[in-house]
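Data block below; observations after.
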Number of protein chains: 2
Amino acid sequence: MESPEEQNYLSHIAYDSVIFGFSGEKLKILIMEYHNTGWYALPGGFVRLNEDLNKAVRRGLKERTGLDNIFLEQFYTFGDVSRYNPEIMKTILTQSGYLSDSTTWMLDRFISVAYYALINYNDVVPKPDELSDSIGWYEIDALPDLMLDHNEIVARALQTLRDNLERKLVGINLLPEFFTMKELQLVYEAILGEKLRRTTFQRKILSLGILKRHEKRFSGMANKAPYLYSFNRS
Amino acid sequence: MESPEEQNYLSHIAYDSVIFGFSGEKLKILIMEYHNTGWYALPGGFVRLNEDLNKAVRRGLKERTGLDNIFLEQFYTFGDVSRYNPEIMKTILTQSGYLSDSTTWMLDRFISVAYYALINYNDVVPKPDELSDSIGWYEIDALPDLMLDHNEIVARALQTLRDNLERKLVGINLLPEFFTMKELQLVYEAILGEKLRRTTFQRKILSLGILKRHEKRFSGMANKAPYLYSFNRS
DNA sequence: TATTATTGTCTCATATTGTGACAATAATAA
DNA sequence: TTATTATTGTCACAATATGAGACAATAATA
């Protein structure tokens with residue numbers, strides 16, 4: 001929207017991002033709220049005429065989270081006609097004061113490429129964009145009703161994350177550099193939505209040879225201090 | 001292209017399809033050749049203004065293969081700027097006699113949603129579209145050089161198919177209704193690109209409880225006749 | 001009737017996972 | 001100092017799953 005006189009973005013193409021973070025024992029995602037509408041939505045955006053699709057998404061993520069180089073993966077492209085609802089977009093633009101000749105292209109039909117990202121919750125102070133007045137973390141199993149098909153997008157993102165859990169070293173992106181075995185297990189449990197057996201989990205993870213063991217962490221609790229681990233960057 | 005006076009399709013959005021079939025011992029895909037260019041490409045198409053993305057792809061598949069109701073799954077959306085090559089598209093349209101005011105939108109940049117399909121090789125007589133003079137089967141490991149990033153699209157389709165092999169009952173789509181254990185194993189081997197152990201494979205598949213055993217097939221070969229199986233439609 | 005190629009099934013060895021037991025702490029309470 | 005408590009790191013054993021080969025049962029042919 002930096003040049004109000006001409007359309008700098010590809011028409012009909014948008015992206016939406018499901019940004020996962022882990023805090024305490026819960027998996028959360030970032031949700032925005034549009035100005036004066038009460039409507040919640042996933043952070044999204046458009047692709048510049050001369051910009052790679054993947055780059056556009058990273059740009060948007062950087063603007064929203066301040067983070068570069070985060071884990072980001074495309075998982076599905078939503079293209080049903082039923083996504084097309086010009087009235088909703090019109091209201092959003094109107095309420096933000098952005099409805100004009102230069103933004104009418106936004107009222108057209110869009111096909112949206114959906115991505116999910118994994119970030120370290122504590123590294124981030126989310127920033128809203130021009131159209132929204134807030135952005136914040138919501139627990140994955142206590143989301144508000146989202147606009148259009150965004151709840152479905154989240155469901156599919158979570159399913160993809162689960163399917164990829166074994167293959168993609170998910171923890172490396174959701175945890176700080178040093179963490180305990182217990183913390184890693186909590187991440188897995190939050191994603192899978194089920195309890196795991198401590199001994200089996202520990203043996204399995206250690207057998208993968210992807211963890212490096214460091215000194216113990218003395219937590220002040222009345223129990224044996226756990227080792228800290230980090231991921232073996234290969 | 002049925003109405004030459006106006007643009008009936010969404011701009012900037014295309015799809016490409018990797019259509020797998022299995023014949024003998026080889027996995028194959030359908031490749032088209034454009035008129036008078038020597039260029040090979042995946043079958044693709046555009047989305048009508050008022051059409052679901054998935055429906056558009058099924059429509060294209062129907063036109064190319066005559067088949068309805070086939071296994072079809074989206075796997076990635078390709079959106080790099082480097083895909084943008086108006087000269088190539090211009091040549092294709094020119095050679096087909098389709099270059100005109102009503103087709104200039106095709107010279108624009110496109111983001112392509114890629115799908116893979118699984119079909120029963122013997123059910124199909126492929127038909128070329130307006131822009132191409134041939135469409136035919138090519139073995140997956142003996143493909144010609146394809147246009148743009150189409151070789152990369154195929155590679156990714158194959159990887160997705162491998163990743164999904166366990167979860168999606170692939171054989172059901174690539175084989176006729178009745179088949180032997182050996183034939184099913186050949187499908188798995190062709191997809192994975194490696195030999196499997198006969199006894200282990202048989203035990204594994206049977207333990208899934210998805211196969212129904214029928215009478216034996218007498219092949220005329222000098223050996224024990226194998227049972228025929230079909231998939232348990234659930 | 002013997003021979004040949006292939007199939008269906010079994011057995012045993014090996015690897016992986018489920019489940020519980022237990023000793024080793026690190027703080028706190030007695 | 002000495003129990004007590006909660007949690008952690010490991011081990012042991014059972015239950016399953018998988019790898020690898022053996023072998024008998026065919027269906028045609030010699």
Students often mix this up, so state it plainly: with edges at 30° and 60°, are the rings of Y15(A) and Y115(A) parallel, tilted or perpendicular?
perpendicular

I need the OH-P distance between Y229(A) and dT8(D), as an integer number of Å.
11 Å

Could you walk me through whether D163(A) and T160(A) pass the side-chain hydrogen bond (donor to acceptor under 3.5 Å, both in side chains) test, one step at a time?
CA-CA 5 Å; D163(A) 291 346; T160(A) 305; 5.6 Å; no

Identify whether any heavy atom of T180(B) sits under 4.0 Å from a base atom; if not, whether one sits that close to sugar-phosphate; answer base, sugar-phosphate or nothing.
nothing

Output the rounded distance in Å from CG (L206(B)) to C1' (dT9(C)).
11 Å

Roughly how many Å is it from NZ in K195(A) to C1' in dG18(C), rounded to a whole number?
18 Å

Think Q202(A) has a side-chain N or O under 4.0 angstrom from the OP1 or OP2 of dT8(D)?
no

Looking only at dT9(C), dG9(D), dA27(D), the nucleotide nearest the K216(B) side chain is dA27(D)

Closest-nucleotide 5' rank along DNA chain C - winner of F218(A) and A225(B)
A225(B)

Starting at CD of Q185(A) and ending at P of dT8(D), how long is that distance when rounded to a whole Å?
9 Å

Can you find a heavy atom in the side chain of L42(A) that is under 4.5 Å from one in the side chain of V18(A)?
yes

Distance (rounded to the nearest 0.5 Å) between L67(B) CG and I119(B) CD1
5.5 Å

Would you kindly compare R203(A) and N223(B) by the position of their nearest DNA chain C nucleotide and give the one closer to the 5′ end?
N223(B)

Taking for each residue the nucleotide of DNA chain D with the nearest heavy atom, is it L228(A) or S207(B) whose nucleotide lies nearer the 5' end?
L228(A)

What is the pairing partner of dC10(C), taking Watson-Crick or G-U wobble pairs with both distances under 3.5 Å in any strand?
dG21(D)

Side chain of A222(B), heavy atoms from C-beta onward: which of dT29(D), dT10(D), dT19(C) has the nearest atom to it?
dT29(D)

What is the distance, to the nearest angstrom, from the CD atom on E215(A) to the C1' atom on dT8(D)?
16 Å

Give R217(A) one of three labels, base, sugar-phosphate or nothing, depending on what nucleic acid heavy atoms sit under 4.0 Å from its own.
nothing

Both distances below 3.5 Å, Watson-Crick or wobble geometry, any strand: find the nucleotide opposite dT29(D).
dA2(C)

Is K182(A) close enough to dT7(D) that one of its side-chain N or O atoms is under 4.0 Å from OP1 or OP2 there?
no

With a 4.0 Å cutoff (strictly under), does any side-chain N or O of R197(A) reach OP1 or OP2 of dT19(C)?
yes

Has the side chain of R198(B) got a donor or acceptor atom sitting under 3.5 Å from an opposite partner on the base of dG21(D)?
no

How long is the line joining CZ of F201(B) and C1' of dA17(D), in whole Å?
17 Å

Which distance, rounded to the nearest 0.5 Å, do you find between the OG of S134(B) and the OH of Y40(B)?
6.5 Å

So does K224(A) get a side-chain nitrogen or oxygen closer than 4.0 Å to the phosphate oxygens (OP1/OP2) of dA23(C)?
no

Please give, in whole Å, the distance from dT16(C) P to E166(A) CD?
14 Å

Round to the nearest Å and state the distance from Y227(A) atom OH to dA24(C) atom P.
13 Å

Under 4.5 Å between any side-chain heavy atoms of I140(A) and V154(A), yes or no?
yes

Below the 4.0 Å mark, does dG19(D) have OP1 or OP2 next to a side-chain nitrogen or oxygen of K204(B)?
no

